[in-house]
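Have a look at the structure below, then the notes.
Treat the numbers as computed from the prediction; the structure is a model and nothing was measured. Values below: all heavy atoms of this structure, side chains included; hydrogens, waters and symmetry mates excluded. The sequence lines fix the lettering, A, B, ..., with proteins before strands; numbering per chain opens at 1.
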Amino acid sequence: MSGLDGVTLHLVDSMDEVLKLRSWLGERRPQHALGFDTETTGLEFTDTVRLAQIGDGMTGWAIPWDRWGGVFEDVVARWDGLWLAHNMKFDVGKLDNEDVFMPRPRVHDTRIMTQVLDPHYSTALKNVAARLVDAAAANAQALLNTSLTDGSGESGWTWKTVPITYGPYWTYGALDPVLTYRIWEILWPQVDATCREAFEIENAVTWITERMERRGVHINTAFAREKYDAFTAYVTESAQWVKDTYGVTAGSNAAIVQVLQEAGFAFDKATASGAVALDKEVLGAIDHPLAQTILQRRRLQKLASTYLKHFVEEVDAHDLIHPSINVLGARTSRMSMERPNLQNLPRKSNSNPAADAIRECADTRYGETGTMLMCDFDQIEMRGLAYMANEQPMIDAFHSPNDFFVELAKLVYDDDLIVKTDPRRQVVKNAGYATIYGAGVEKFALTAGIDIDTAHRVRRRWNELFPGVAKFQNDVIAVALQRRETEGAPYVRCPLTRRRQVADAGKEYALVNYLIQGWAAAVFKKKLIEADDAGLGEWMCVPVHDEIVLDVPNEHVTEAAHTLVKVMNDDRIAGPVPITASVSYGRTWGSKEAWVEHHGE
DNA sequence: GTCGCTTGCCAC
DNA sequence: AAACGTGGCAAGCGAC
């Protein structure tokens, strides 16, 4: 059968339709699953359900919420099979708000299925449906969606105002669970056969992050406001000073460059498109009050507008901020976070002491009776590299009680006296990460702050010491290129994605990084599930790639930290490479106090 | 006024 | 032969 021929759509607007729906439901077998979806007044947290839809591959039902919501609730109570949704976190959350609770363990997300099979494709329902089910129907539906989103249709209606009885609205609504069901029919056999564990991990992590989103992160709003006001005042006053003194706009790079050129400074760094670069590195090297003022203004503006502004303006009545966590954020299986992104809060730094305030804004919601716990893996990606390359000297270094990069530096420089403060340790660390990212010698030299000749020597020595790493890199690329011949595109198989393709032809070197990053993301997600199973789910707030942040009442801190240590340290998950993690704690996320386990307490 | 592009910068 | 991966976000600016 082609496309959607023969599909029947119903609007449940009478007792007669309700009876038809009940009779239809009675004929469903639990193994057949049901698709569901909601239409809401919008995408904001405060927006509510207007229509709830259910369906299978041939029949879709649109249920107006205000009048017939109880019918949907009744179906949820009766159905004991699988529920399918595309982007389930959104719909289940909206239904939660209406006091209708979907049975989470029985809800499977078709968006996750597309992602684990091939993250190269768009996961948006309309695109997946157009690709797998019926292009014309999906595109017509997308057109309506756009007109409702921006009110651009002839009617001027929006998601909030469109009459439920408007034909295109309810029919396309009723079609969504049908499309979801069809997608499931096509994708589930592939997922089941090739990447079922990946699907189960992503589906489980989705519910864990949904809980984190609801729980939120507490903000010390008085402190955040004080810093925001102070930084913003500097931003405004310095801009005025720049205008008064030099007659230019502080935010206009071209104008600033011109003033500095007239003052005798030369510029040789270019941007991607060939303009004169004026980044912090360039500014830092210019000994001129204008350059230094612009630099400091940029620093404080970044802190005020990217972080503090959200902290001040977007907290709820309990001073909690609720970012949105995207489990399928990166095509390497990493998660991403937005509004705001708490994965890129500045760390403590000597060059920008003002930045310390940002992590100090995120504090425990329990005041004097709570503690923030931060637990992060130690060099997780380097361990992944050692594991996948099976590189014995690296594995040995990970078993040493000493610092990993000190041990590596001793090998590279053939000097047993190297200590942690030796600058050669940093060079070797940079060499390691340059390998993971696929950097050339030139970029490696630049980031390590060494000359090209030294970089060449270090890299030569590195390859000599770790031949397994080079072999691993070459093998990954060779296999990928072979796949290009036989399957049309070069790709790697990661633990949570069946095919991770290169973004651009000629960038095959990046596949090594995809593999390592994808492996690390899988380890992290498995540990989130273990931590949740061990009872830590109620305290967890933020996942940061290799770190979990928790907000714990003091009476549970000792046990929570102990559980974290037990879950996150693992000498089995990476073969001969031990995975270790460190816990720190304090009143705020910025606290650095190391947690030491006291046995026998 | 909005949109898309560019530039810059924060994290892991 | 060539070569730093994954994200989110804000501000300036020209184009519509």
Side-chain angles (χ1 to χ4, degrees), chain A residues 119 150 152 235 239 248-257 269-283 294-295 297-310 323-326 328-349 351-352 355 358-359 376-382 384-385 430-448 459 473 477 492 494 497 500 502-521 524 542-547 589:
Chain A
D150 59 16
S152 67
V235 169
V248 290
T249 306
S252 176
N253 288 357
I256 303 294
V257 166
K269 188 172 175 181
T271 67
S273 68
V276 176
L278 192 71
D279 58 23
K280 62 177 181 177
E281 195 204 343
V282 173
L283 283 169
I294 295 296
L295 191 55
R297 180 175 178 276
R298 273 193 198 166
R299 286 189 189 121
L300 299 189
Q301 185 171 47
K302 174 79 178 172
L303 301 178
S305 56
T306 303
Y307 307 109
L308 297 171
K309 190 168 190 286
H310 288 274
S324 139
I325 299 170
N326 186 357
L328 310 180
R331 281 171 298 187
T332 51
S333 316
R334 270 194 181 187
M335 289 183 269
S336 67
M337 190 182 288
E338 59 184 352
R339 285 173 301 122
N341 181 7
L342 297 181
Q343 295 177 317
N344 69 352
L345 302 191
R347 321 175 54 200
K348 280 196 191 308
S349 86
S351 59
N352 188 11
I358 307 301
R359 288 191 190 217
D376 68 313
F377 286 131
D378 305 320
Q379 313 97 12
I380 187 69
E381 292 192 342
M382 287 304 302
L385 178 66
N430 288 136
Y433 284 102
T435 305
I436 286 175
Y437 294 144
V441 174
E442 209 164 304
K443 269 280 159 55
F444 162 44
L446 205 65
T447 37
R459 179 152 282 192
Q473 293 174 292
I477 291 166
V492 288
C494 297
T497 50
R500 173 51 169 114
V502 282
D504 307 292
K507 282 202 166 186
E508 281 75 18
Y509 66 88
L511 291 166
V512 174
N513 179 261
Y514 296 167
L515 203 47
I516 293 169
Q517 196 178 108
W519 174 84
F524 184 65
V542 196
V544 196
H545 310 306
D546 66 351
E547 174 184 15
W589 191 348

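Reading DNA chain B from its 5' end, the first and the last nucleotide to sit under 4.0 Å from a heavy atom of chain A are B:dT6 to B:dC12.
Note on A:A330: only backbone sugar-phosphate atoms sit closer than 4.0 angstrom, heavy atoms only; bases stay farther off. A:K280 comes within contact range of the sugar-phosphate backbone alone, with a heavy-atom separation under 4.0 Å but no base atom that close. Counting any heavy atom pair closer than 4.0 Å across all strands shown, A:N253 reaches sugar-phosphate atoms only and no base atom. Note on A:A277: only backbone sugar-phosphate atoms sit closer than 4.0 angstrom, heavy atoms only; bases stay farther off. Residue A:A275 is in sugar-phosphate contact alone, with no base atom involved, counting any heavy-atom pair closer than 4.0 Å across all strands shown. Contacts of A:Y433 with the nucleic acid, taken as non-hydrogen atoms under 4.0 Å apart, are absent.
Checking side-chain atoms of A:E508 against main-chain N and O of A:G506 turns up a donor-acceptor pair under 3.5 Å. A donor-acceptor pair under 3.5 Å is formed between the side chain of A:N513 and the backbone N or O of A:I436. Between the A:Y509 side chain and the A:I477 main chain, no donor and acceptor come within less than 3.5 Å of each other.
Summarising the geometry, the separation between CD1 on A:I358 and C1' on C:dA10 is reported as 14 Å, rounded to the nearest angstrom. Atom-to-atom, CG of A:L511 to P of C:dT6 comes out at 10 Å; the value is rounded to the nearest Å. When the P atom of C:dG12 is taken as reference, atom CD1 of A:I256 falls 11 Å away, rounded to whole Å. Following rounding to the nearest Å, A:L515 (CG) and C:dT6 (P) show an atom-to-atom distance of 14 Å. The distance from atom CZ of A:F524 to atom C1' of C:dT6 is 14 Å, rounded to the nearest whole Å. Per the geometry, CG belonging to A:L328 stands 12 Å off P belonging to C:dG7, to the nearest Å. When the C1' atom of C:dG8 is taken as reference, atom NZ of A:K309 falls 15 Å away, rounded to whole Å. C:dA3 atom P lies 14 Å from atom CG of A:L446, rounded to whole Å.
Residue A:A239 comes nearest to A:R297 through the heavy atom pair CB-NE, 3.7 Å, listed as atom of the first residue, atom of the second, then distance. The heavy-atom pair separating A:I325 from A:M335 by the smallest distance is CG2-SD, 4.1 Å. In terms of heavy atoms, A:R459 sits closest to A:A439 at NH1-O, 3.0 Å.
Side-chain contact between A:P346 and A:L303 is present, with heavy atoms from C-beta onward closer than 4.5 Å. No side-chain heavy atom of A:W589 sits less than 4.5 Å from a side-chain heavy atom of A:I358. Taking the side chain as every heavy atom from C-beta outward, A:L342 and A:V544 never approach each other to under 4.5 Å.
Relative to the side chain of A:S252, the nucleotides C:dG5, C:dG12, C:dG7 differ in distance, and C:dG12 lies closest.
Contacts with DNA chain B (heavy atom under 4.0 Å) in residues 297-306 of chain A: A:R298, A:K302, listed by number. For residues 333-345 of chain A, proximity to DNA chain C is found at A:R334, A:S336, A:M337, A:E338, A:R339, A:P340, A:N341, A:N344, defined as any non-hydrogen atom under 4.0 angstrom from a strand atom.
By the stacking rule of 5.5 Å between ring centres and under 30° between planes, A:Y509 does not stack on the base of C:dA3.
In this structure, CG in A:N326 is found 11.0 Å from CG in A:N341, a value given to the nearest 0.5 Å.
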Per-pair distances, 0.1 Å, donor-acceptor, side chain in residues 273-283 of chain A, under 3.5 Å, sequence neighbours excluded:
residue: A:D279; atom: OD1; partner: A:E281; partner atom: N; Å: 3.2
residue: A:D279; atom: OD1; partner: A:V282; partner atom: N; Å: 3.1
residue: A:D279; atom: OD2; partner: A:K269; partner atom: NZ; Å: 2.7
residue: A:E281; atom: OE1; partner: A:K269; partner atom: NZ; Å: 2.9

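The overall bend of the helix from B:dG1-C:dC16 to B:dC12-C:dG5, read as the angle between its terminal helix axes built from five base pairs each, is 10° when rounded to 10 degrees.
Among pairs with a residue in residues 333-348 of chain A, those fulfilling salt bridge (charged side-chain N to carboxylate O under 4.0 Å, His left out) read A:R334-A:E381, A:K348-A:E360, at least two apart in sequence or across chains.
No option in A:L515, A:T332, A:L511 other than A:L515 meets the side-chain contact (heavy atoms from CB on, under 4.5 Å) test with A:C494.
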